[in-house]
S.K.: 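Handing you this structure, nothing more for now.
Just so it is clear, the model here is predicted, and its values are computed rather than measured. No hydrogens, no waters, no symmetry mates; every other heavy atom, side chains included, goes into these values.
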Amino acid sequence: MVDVQGVHKRFGRLEVLRGIDLEVHRGEVMVILGPSGSGKSTLLRCINHLEKIDAGRISVDGNLVGYRQVGSRNYELKEKEVAQRRAEVGMVFQRFNLFPHMTALGNIIEAPVRVRGASRAEATKRGLVLLERVGLEEKAGAYPSQLSGGQQQRVAIARALAMDPKLMLFDEPTSALDPELVGDVLDVMRALSGEGMTMMVVTHEMGFAREVADQVVFMDGGVIVERGRPAEVIGAPREARTKAFLSKVL
């Protein structure tokens, strides 16, 4: 589902990604660990083409991200084509990013109506099903300011699911939440995993990583230091840098 080959990304003189290679197969959950500034969030943003890579290539479900290959050359897609491809990848951010002037249901139906061309009635029906799926069916008419952080994040997940994505990217989805609200969001993510959704998750929730991940990747300084099954990377890390990081978060 996701194929990342030799990806580099820099911001000015700072090289944030330094030759990233990884694969995520359909239905897998990859959890990405690492300290702040290691390149984890940038990698997710590159996969969704919210950031353009400087070298390498990324494909999702067999399609190059942001480019079209003709012969041996790659040509950058127009913004409209990028948006169409991006609609197939759901992304959930650390800070919810809900539209404050729209209700929970309004936030969920906006993209299917405007981007997919769904009828408002059809999108509303689907939106109510998704709100029930994340345990918020009674909050359809509530505005973001009337919701807790955990509830807003579950609405954000439902909003991403409304586009029927092939892949879900989660960028530290619980780090801005009060501790007692984290469990509800992780429960929704566990359910998605159980339904076979392909997911890439940047998180420090080690219990979730142990329980749900098929692969764990530890990044530092823009490179992948270690990767493997949770029992290997979290339970018995080989690299000194991984051990040092885990000693502070476990």
Side-chain angles (χ1 to χ4, degrees), residues 31-32 36-37 40-45 47-51 79 82-83 86-165 167-195 197 199-209 212:
V31 169
I32 305 173
S36 178
K40 310 180 302 295
S41 296
T42 299
L43 175 59
L44 290 194
R45 292 176 66 84
I47 290 171
N48 212 15
H49 205 60
L50 293 173
E51 299 287 353
E79 186 55 39
V82 170
R86 189 180 290 136
E88 298 179 341
V89 180
M91 188 156 185
V92 177
F93 299 88
Q94 182 177 347
R95 287 286 177 182
F96 326 137
N97 291 353
L98 298 179
F99 298 118
H101 63 290
M102 293 183 181
T103 64
L105 182 60
N107 267 277
I108 292 168
I109 70 174
E110 181 72 4
V113 170
R114 288 187 178 270
V115 180
R116 296 278 197 215
S119 71
R120 189 159 292 274
E122 176 188 349
T124 297
K125 183 178 179 180
R126 167 87 167 135
L128 291 171
V129 169
L130 288 170
L131 278 172
E132 182 177 3
R133 188 172 173 183
V134 299
L136 292 173
E137 58 270 31
E138 79 285 358
K139 298 294 186 179
Y143 288 88
S145 61
Q146 299 170 315
L147 301 173
S148 70
Q151 289 170 335
Q152 289 186 63
Q153 193 61 293
R154 282 185 281 158
V155 172
I157 294 173
R159 179 176 63 178
L161 292 174
M163 297 295 282
D164 291 319
L167 168 70
M168 286 285 286
L169 307 175
F170 293 87
D171 188 10
E172 299 197 38
T174 60
S175 63
L177 302 180
D178 292 333
E180 70 264 24
L181 303 177
V182 168
D184 290 337
V185 173
L186 293 180
D187 285 344
V188 172
M189 295 169 65
R190 287 187 185 95
L192 285 176
S193 170
E195 294 164 11
M197 175 64 74
M199 298 160 57
M200 296 181 70
V201 185
V202 170
T203 185
H204 293 303
E205 297 292 339
M206 293 300 166
F208 176 84
V212 178

S.K.: State, to 0.1 Å, how close Gly150 and Val185 come at their nearest heavy-atom pair, and which atoms those are.
M.R.: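 Distance-wise, the nearest heavy atoms are O-CG2, 3.8 Å.
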S.K.: Which heavy atom in Ala156 sits nearest to a heavy atom in Val92, and how many Å separate them?
M.R.: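 Answer, listing the atom of Ala156 first, then Val92: O-CG2, 4.3 Å.
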S.K.: Quick one, Leu177 with Asp184, criterion side chain to side chain contact (heavy atoms under 4.5 Å, CB included). Give me CA distance, side-chain angles, the key distance, then yes/no.
M.R.: CA-CA 11 Å; Leu177 302 180; Asp184 290 337; over 6 Å; no
S.K.: Can the positive tip of Arg159 be found less than 6.0 Å from the middle of the six-membered ring of Phe96, inside 45° of the ring normal?
M.R.: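 Negative - Arg159 is either too far from the ring of Phe96 or too far off its axis.
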S.K.: Out of curiosity, Ile32 CD1 to Phe170 CZ, how far, rounded to the nearest 0.5 Å?
M.R.: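 Going from the CD1 atom of Ile32 to the CZ atom of Phe170 covers 12.5 Å.
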S.K.: Measuring from Met91:CE to Leu167:CG, what's the distance to the nearest 0.5 Å?
M.R.: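 That separation rounds to 10.0 Å.
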S.K.: Could you tell me whether the side chain of Met206 reaches within less than 4.5 Å of the side chain of Val31, counting heavy atoms only?
M.R.: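 No; the side chains remain at least 4.5 Å from each other.
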S.K.: Measure the spacing between CD1 of Ile109 and CZ of Arg126 and express it to the nearest 0.5 Å.
M.R.: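 Rounded to the nearest 0.5 Å, the CD1-CZ separation comes to 13.0 Å.
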S.K.: What residues, two or more places apart in sequence or in another chain, satisfy side-chain hydrogen bond (donor to acceptor under 3.5 Å, both in side chains) together with Glu122?
M.R.: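 With sequence neighbours excluded, Glu122 shows a side-chain hydrogen bond (donor to acceptor under 3.5 Å, both in side chains) to no residue whatsoever.
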S.K.: Nearest 0.5 Å, what's the CE-CD1 distance between Met168 and Ile157?
M.R.: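 One gets 6.0 Å once the value is rounded to the nearest 0.5 Å.
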S.K.: Check step by step if side chain to side chain contact (heavy atoms under 4.5 Å, CB included) holds for Lys40 and Met200.
M.R.: CA-CA 10 Å; Lys40 310 180 302 295; Met200 296 181 70; over 6 Å; no
S.K.: Quick check for you: to the nearest 0.5 Å, what is the distance between Ser145 atom OG and His101 atom NE2?
M.R.: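 One gets 12.5 Å once the value is rounded to the nearest 0.5 Å.
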S.K.: I would like to know whether Lys139 and Val155 meet side chain to side chain contact (heavy atoms under 4.5 Å, CB included); could you show each step before the answer?
M.R.: CA-CA 9 Å; Lys139 298 294 186 179; Val155 172; over 6 Å; no
S.K.: List the atom of Ile108, the atom of Ala158, and the distance in Å for their closest heavy-atom pair.
M.R.: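 Taking every non-hydrogen atom into account, CD1-CB, 3.7 Å.
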S.K.: Heavy atoms only: give me the nearest Met197-Pro165 pair and the separation to one decimal.
M.R.: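 What the structure gives for the nearest pair is CE-O, 3.8 Å.
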S.K.: Which heavy atom of Gly149 sits nearest a heavy atom of Leu181, and at what distance?
M.R.: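 That closest heavy-atom pairing would be N-CD1, 4.2 Å.
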S.K.: For Glu137 and Leu128, run side chain to side chain contact (heavy atoms under 4.5 Å, CB included): C-alpha distance rounded to whole Å, both residues' side-chain angles, the deciding distance at 0.1 Å, then the answer.
M.R.: CA-CA 6 Å; Glu137 58 270 31; Leu128 291 171; over 6 Å; no
S.K.: Given side chains that start at C-beta, do those of Glu132 and Val129 come closer than 4.5 Å, heavy atoms only?
M.R.: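 Sidechains of Val129 and Glu132: no contact.
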S.K.: Looking only at heavy atoms, what is the nearest atom pair of Leu136 and Gln151, with distance?
M.R.: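 Looks like CD1-O, 3.4 Å.
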S.K.: Are there more than 12 heavy atoms of other residues, nucleotides or ligands under 6.0 Å from atom CZ of Arg120?
M.R.: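 Not buried by this count: 12 neighbours or fewer within 6.0 Å.
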S.K.: Measuring from Glu51:CD to Ser41:OG, what's the distance to the nearest 0.5 Å?
M.R.: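 Those atoms lie 10.5 Å apart.
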S.K.: Per the salt bridge (Lys or Arg N to Asp or Glu O under 4.0 Å) rule, what does the pair list look like for residues 107-118, sequence neighbours excluded?
M.R.: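 Pairs touching residues 107-118 that pass the test: Glu110-Arg114.
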S.K.: List in chain and number order the residues that pass side-chain contact (heavy atoms from CB on, under 4.5 Å) with Ser193, two or more places apart in sequence or in another chain; answer none if no residue qualifies.
M.R.: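 Applying side-chain contact (heavy atoms from CB on, under 4.5 Å) to Ser193 gives Val29, Met199, Val212.
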S.K.: So, applying side-chain hydrogen bond (donor to acceptor under 3.5 Å, both in side chains) with Thr174, which one of Gln94, Glu205, Gln153, His204 is it?
M.R.: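 Between Thr174 and the candidates, side-chain hydrogen bond (donor to acceptor under 3.5 Å, both in side chains) is satisfied uniquely by Glu205.
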